**Q** 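One structure, pasted below without further comment.
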Number of protein chains: 2
Amino acid sequence: MQSKASFTPAEIEQIKAASVVRTLRKRQYLLQAGDVWQSNAFVASGCLRTYSVDAKGLEHIIGFAVENWWATDQESLLSGQPSRYNIEATEDTTVVVLKNDDFEQLRREVPAFDKVVNALVLRTFMAAQSRVHSAISYSAEEKYREFLQKYPGLVQRIPQHMVASYLGLTAETLSRIRRQL
Amino acid sequence: MQSKASFTPAEIEQIKAASVVRTLRKRQYLLQAGDVWQSNAFVASGCLRTYSVDAKGLEHIIGFAVENWWATDQESLLSGQPSRYNIEATEDTTVVVLKNDDFEQLRREVPAFDKVVNALVLRTFMAAQSRVHSAISYSAEEKYREFLQKYPGLVQRIPQHMVASYLGLTAETLSRIRRQL
DNA sequence: AGCTTTTCTTGATAAAAGTCAATGCCTAGG
DNA sequence: CCTAGGCATTGACTTTTATCAAGAAAAGCT
């Protein structure tokens, strides 16, 4: 999952036992709006996008998850309600999926796992806060500039209209911004 | 802090020992941009706003924290860098503040505390996600409508220009939207 | 009560971003 | 090799929101 946390062989077994590794091909769904989400998915390789589709059929990308991040719909998870989001692979992707019950059990029983998860949750929360900040404070151009420097390389991996959607812009607007650089 | 979690008297003592209760008067800062934030603050009563000030002197409100929520700057906490946000009381407010070291120790040593915190973190993260969704998907009017139904009563407690700032709008625009309802 | 500061509203105008429509370019699939 | 679908760009035009400026209303202070 991450870094320097050292699991004992027994712990690794326990984690493996609760995990399902799934490989998704480009465009394949991990979650479709309307389904109830009860898992946590860690991206081992590739990239996922979480997005909603509005009344006009426009997509709005809530977030990307690349290597060492996770994708989840806490809203559906905590409420038990069907999700309003889709989670989809933007490229061939490998994820480690844990059912939420198992996930919570692991957190209780394996302190090292809990520690890693805590760090990940706080990191994800921080990223969400920071994103709120850009979304309400920055102009279209500033948002794009920040995106470039915050996620270097990602712009090469995903189509531009998805970047636009992530930034809350139309593809046309982003195209025009890029022309001026 | 919350709900049904049952702490033993000894645990309550331990939590109290690590906590500082602060009362803030309206407009008083809990954190000023430039300072390093190393705590966690739970709102017992009142309301805090977290905001940044941009190059033009405009304020952008990242979030409000009312009863049973918390306010924190994870960015500064995790990075050790000076904060780019201010946290300020919008009304007379009582907060329970825990230094992050003590906070983490409590999480390790008091499982019931850890449980409550986990729930709070996930709830806060969920709210941030949902906010990102509205920020990039909704028009000004839709954002205001959602705000009204999502935080009923809050609009009575804080000045309108702060609501506008929270929604990423100018005070004038919000005023015009309200006229049409 | 009277004064000051903050807050809210309104109008006129400008800027930013969205919409609609057309075109060309790739590239994956048959 | 050819073609269809997805992707990016551009232009003309519209809509939305911001900006600037001025007052009015409300709230806080002494």
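None of the values given here were measured: they were computed from a predicted structure. All chains are named by letter (A, B, ...) in the order of the sequence lines, taking the proteins before the strands, and each is independently numbered beginning at 1. Worth knowing before you read on, the calculation uses all heavy atoms, side chains too, and leaves out hydrogens, waters and symmetry mates.
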**Q** Is there a side-chain contact between B:Q160 and the phosphate of C:dT9, meaning an N or O under 4.0 Å from OP1 or OP2?
**A**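 Yes, because at least one side-chain N or O of B:Q160 sits under 4.0 Å from OP1 or OP2 of C:dT9.
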
**Q** Could you tell me whether the phosphate oxygens of C:dT6, OP1 or OP2, come under 4.0 Å of any side-chain nitrogen or oxygen in B:H161?
**A** no

**Q** Under 4.0 Å, heavy atoms only, any strand: does B:K56 hit a base, just the sugar-phosphate, or nothing?
**A**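 Sugar-phosphate only.
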
**Q** Could you tell me how far apart B:K26 (NZ) and C:dT6 (P) are, to the nearest whole angstrom?
**A**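 Between P of C:dT6 and NZ of B:K26: 11 Å.
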
**Q** I need the CG-P distance between B:L58 and D:dT17, as an integer number of Å.
**A** 17 Å

**Q** We want to know whether A:E146 and A:S134 form a side-chain donor-acceptor pair, criterion being a heavy-atom distance below 3.5 angstrom.
**A** yes

**Q** Rounded to the Å, how far apart are A:E142 CD and C:dA16 P?
**A** 11 Å

**Q** Is the closest basic N to carboxylate O distance between A:E172 and A:R176 below 4.0 Å?
**A**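 Looking at A:E172 and A:R176, the cut-off is not met.
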
**Q** Please report, rounded to the nearest Å, how far the P atom of D:dC7 is from the CE atom of A:M162.
**A** 6 Å

**Q** In whole Å, what is the span from the CD atom of A:Q156 to the P atom of D:dA8?
**A**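 Between P of D:dA8 and CD of A:Q156: 12 Å.
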
**Q** Side chain of B:R179: nearest nucleotide among D:dA12, C:dG11, D:dT17?
**A** C:dG11

**Q** CD1 of A:I158 versus C1' of D:dC7: gap in Å, rounded?
**A**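 Those two atoms, CD1 and C1', are 14 Å apart.
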
**Q** Please tell me if B:S175 has a side-chain N or O lying less than 4.0 Å from either OP1 or OP2 of C:dT9.
**A** yes

**Q** Do B:E59 and B:R49 sit within salt-bridge range, that is, some charged N less than 4.0 Å from a carboxylate O?
**A** yes

**Q** Whether A:R27 and A:E88 form a salt bridge (side-chain N of Lys/Arg under 4.0 Å from carboxylate O of Asp/Glu) is what I want to check.
**A** no

**Q** Start at the 5' end of DNA chain C and walk down; is the nucleotide closest to A:A140 or to A:E172 reached first?
**A**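 Nearest-nucleotide comparison on DNA chain C picks A:A140.
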
**Q** Could you state the atom-to-atom distance from CD of B:E91 to P of D:dA27 in whole Å?
**A**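 Between P of D:dA27 and CD of B:E91: 15 Å.
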
**Q** Rounded to whole angstroms, how far apart are CG on A:L174 and P on D:dC7?
**A** 14 Å

**Q** Base, sugar-phosphate, or nothing: which does A:L169 touch, judged by heavy atoms less than 4.0 Å apart?
**A**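 Counting heavy atoms under 4.0 Å across all strands, the contact made by A:L169 is with sugar-phosphate only.
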
**Q** Verify the contact: side-chain N or O of A:T173 to OP1 or OP2 of C:dG18, cut-off strictly under 4.0 Å; return yes or no.
**A** yes

**Q** Taking donor-acceptor contacts at under 3.5 Å, does the side chain of A:R176 reach the base of D:dG11?
**A** yes

**Q** Does atom CZ (B:R157) have a neighbourhood of more than 12 heavy atoms from anything else shown, all under 6.0 Å?
**A**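 Atom CZ in B:R157 is packed in, count exceeds 12.
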
